[in-house]
Amino acid sequence: MHDPRPSTATPATARLGRLALRLLPLVALAIGGWLLARRCGTIDFGAVWPALAALPPQQWIGALACTGLSLWALGQYDVVLHRAMGTGIAPDRARAAGMRAMAISQTIGFGSITGALVRWRALPECDLWLATRLSVWVSVSFMAALGLLAGLSLLLLEGHSALAALLAIAAIAALTRITRLPGLPQLRAGTLPRLLLWTVIDTSAAGAVIWLLLPAHVEIAASAAIFAYLAALGAGLASQSPGGVGAFELVLLALMPQLAEADLIAAIIGYRVVYHAVPALIALLALIRPVAPDIPSGLTLARGAERHAALAQAPHSEWGLAHQGARILLSRDRQNGWLVRRTGGTLAVIGEPMGQPELSMLHAHASRLGLTAALYKCGPRLARAARDAGWAVERIATEAVIDTASWSADRPACRSLRRKLKAAAKSGVEITCAGDHLPLEEMARVHAEWAARSGGERGFSMGRFCPELLAHQYVVLARRDGVLVGFASFHQGRGDWTLDLMRQTAEAPDGTMMAIVVAAIEAAREAGAAKLSLAALPAMPCWIPGWLVARIAARPGCAGLEQFKRGFGPGWRPLYIAAPTRAGLLRAGVEIARAIHDPAPLGREPGLGTIELGARPVQKGRDTARRPIRLPVLRGFAPRLTDQTGPAHDRRALPTSRNP
């Protein structure tokens, strides 16, 4: 017979466990207070108050300044983690909320709970779930960094090498595994070092408060006081008692036995007043005033119908990359926008914008997401605007553009092209439009053979073989004796087309791809497209060493690609890369190059957070209600491909027909 007792015992055990966790801070406070009371029985408190009264004003002012620096560094924790989580909260508001949360939670204890409530109050656009997760992550990452610092401090204090090694090993293990914990999307390289830096600044400034409040006649190095403070702070936080009372004082008294106990107790009392009581009181007063939510008036991600509407009025056919992972950022009025893609820590705009969006708005949006804004393959007009705004600008490519109305293969510039076309026709190559029914199996075979021969396909600003993308493109096929030997696809825009995929087998006759492009030019002319772009050729900046330029030019296919495009006698249009700073430009160039030559798997590219994460207020009469947080954004940055490409039955967002 089944015994029901285990099923009832498990919930009871769980309830007891939760109750024990809730009571742990109170138990720690009681035990710590009892031990401290016993320890203080031997202290002459009659000498404590005169020691405090004798402190000169400059020491109190210095202690207050160090308190401000420490809390500011703690606020930077929130800035870093908000950016890592892609919440879009402005850095100054994230910092202010973090400072208030830390000022209150470190005074009354229960750090994660009180910190979550304070952040929830200070940031109305965030819901309690987001504030709780953020507070837990602040606590976990701070404790890991503090453990490492406390271990190093104990290592420098005589007689504590074993404990130091244990703390350091535990902290390093926590730091290396912190990104695997649930709740925070992947931390980019550099996030953890920044958190460690702010912890060093915070704890050093807080330890200096203790040192500054010691009586003038006490001789102790500031470094020794800070090292002892780090160990005491770790013990106090681990106890979870309000303000670490008990454990903090006991560890300080144990680690600095060379000081008179009355002098050290005086410094601790002054520290409690300056570092805990005053900031907590100011933070509580700041929370009394209602806080209006920050509703960004900048850019938002286009989704659903907005995305299809933006594609319908896209300024350039290359916006077809939105069908394969690129995202569209729109202004609030939906009249201006950018086609963007993220790579590493760069938010890169690809090509020309829709309307006339402001560069400052793009820069602010990227900063809120913790990314560096960059323009990639922008034209001369946008490059001039970026340079006028103080951005760093470099020419990186030249686009080959064909005027479909005036172009003819009979021009003198197309002499070599005519020879190639005759060779292809003589070999029996037949060029056809794919229409709405793509021979995907045959195309996949051609693509696989081409990829094996050429070392794989490129990405980022270049399309990749994918049925979802090809369904929105104009596809031209080349057959010989009924067998598919090559194909090319073209992005279609309102007034232009752009060459995207070019794939052919090793058995394709000479001139096959040129015949495909000529057929596409004629189709674009009949469809009313004034321009057809053959895509861009790289143009190295003047500061790139000559040997590196030669090495890049010698890469397989580079020389042949240039000769291929020049055979059509196109016009040439310079393209540029730009970023707010020279360092940002260098970073963007490196990260974009890496994304082009080593693209992430389809559907697993890094996505974008949204500045509407959390709860944008919804007006209900005169009241402001919160909307639930969009949990899928917090679970990860990699959107599903089906979410990017739209419903399967909606195969085309552009009005242009594939048939010529």
Side-chain angles (χ1 to χ4, degrees), residues 63-87 89-107 111-112 114-116 118-119 122-123 131 133-153 167-168 171-172 174-179 181 183-211 222-223 226-227 229-234 236-238 244 275-276 279 283 345 367-372:
L64 287 171
C66 288
T67 297
L69 176 60
S70 175
L71 288 175
W72 183 83
L74 284 173
Q76 290 297 117
Y77 250 78
D78 281 61
V79 174
V80 172
L81 290 177
H82 271 286
R83 286 180 172 178
M85 297 174 76
T87 65
I89 300 298
D92 55 342
R93 301 187 69 247
R95 186 184 304 110
M99 292 173 66
R100 294 170 187 171
M102 295 303 293
I104 293 174
S105 63
Q106 70 183 2
T107 301
S112 298
T114 54
V118 172
R119 289 180 176 91
L123 300 173
R133 285 160 49 115
L134 182 65
S135 296
V136 169
W137 269 97
V138 168
S139 300
V140 170
S141 54
F142 178 80
M143 287 297 294
L146 180 63
L148 179 59
L149 295 178
L152 294 176
S153 67
L167 281 174
I172 292 173
L175 285 172
T176 55
R177 296 182 62 84
I178 195 171
T179 57
L181 294 178
L184 187 65
Q186 34 197 247
L187 293 178
R188 296 187 297 275
T191 300
L192 293 178
R194 281 196 293 271
L195 294 177
L196 186 60
L197 171 64
W198 295 124
T199 304
V200 171
I201 296 175
D202 156 47
T203 54
S204 298
V209 174
I210 290 281
W211 180 71
S223 58
I226 292 174
F227 293 153
Y229 171 80
L230 286 173
L233 178 62
L237 291 176
Y275 194 81
H276 284 179
S367 297
R368 285 187 159 197
L369 297 175
L371 305 174
T372 299

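Values in this document were obtained by computation on a predicted structure and should not be read as measured data.
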Could you go through D202 and Y77, starting from their C-alpha distance and side-chain angles, then the distance that decides it, and tell me whether this counts as side chain to side chain contact (heavy atoms under 4.5 Å, CB included)?
CA-CA 10 Å; D202 156 47; Y77 250 78; over 6 Å; no
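Once rounded to the nearest 0.5 Å, the distance linking OG1 of T67 with NE2 of H276 reads 9.0 Å. With rounding to the nearest 0.5 angstrom, the CG atom of L197 is 9.5 Å from the CD atom of Q76. Note that the CE atom of M102 and the OG atom of S135 stand 9.5 Å from one another [nearest 0.5 Å]. Of the inter-residue distances, the one linking D78 atom CG with W137 atom CH2 reads 14.0 Å to the nearest 0.5 angstrom.
In terms of heavy-atom proximity, A206 sits nearest to Y229 at CB-OH, 3.1 Å. Smallest separation of non-hydrogen atoms from A97 and R119: O-CG, 4.3 Å. Residue I226 comes nearest to S204 through the heavy atom pair CD1-O, 3.6 Å, listed as atom of the first residue, atom of the second, then distance. The shortest heavy-atom contact between Y275 and S70 is OH-OG, 2.5 Å. Across all non-hydrogen atoms, the minimal contact from G115 to S105 is N-CB, 4.0 Å. Pairing each heavy atom of A116 with each of A131, the nearest pair is O-CB, 3.5 Å.
Using a 4.5 Å cut-off on side-chain heavy atoms (C-beta onward), L81 and R133 make no contact. In this structure the side chain of L74 reaches within 4.5 angstrom of the side chain of Q106, judged on heavy atoms.
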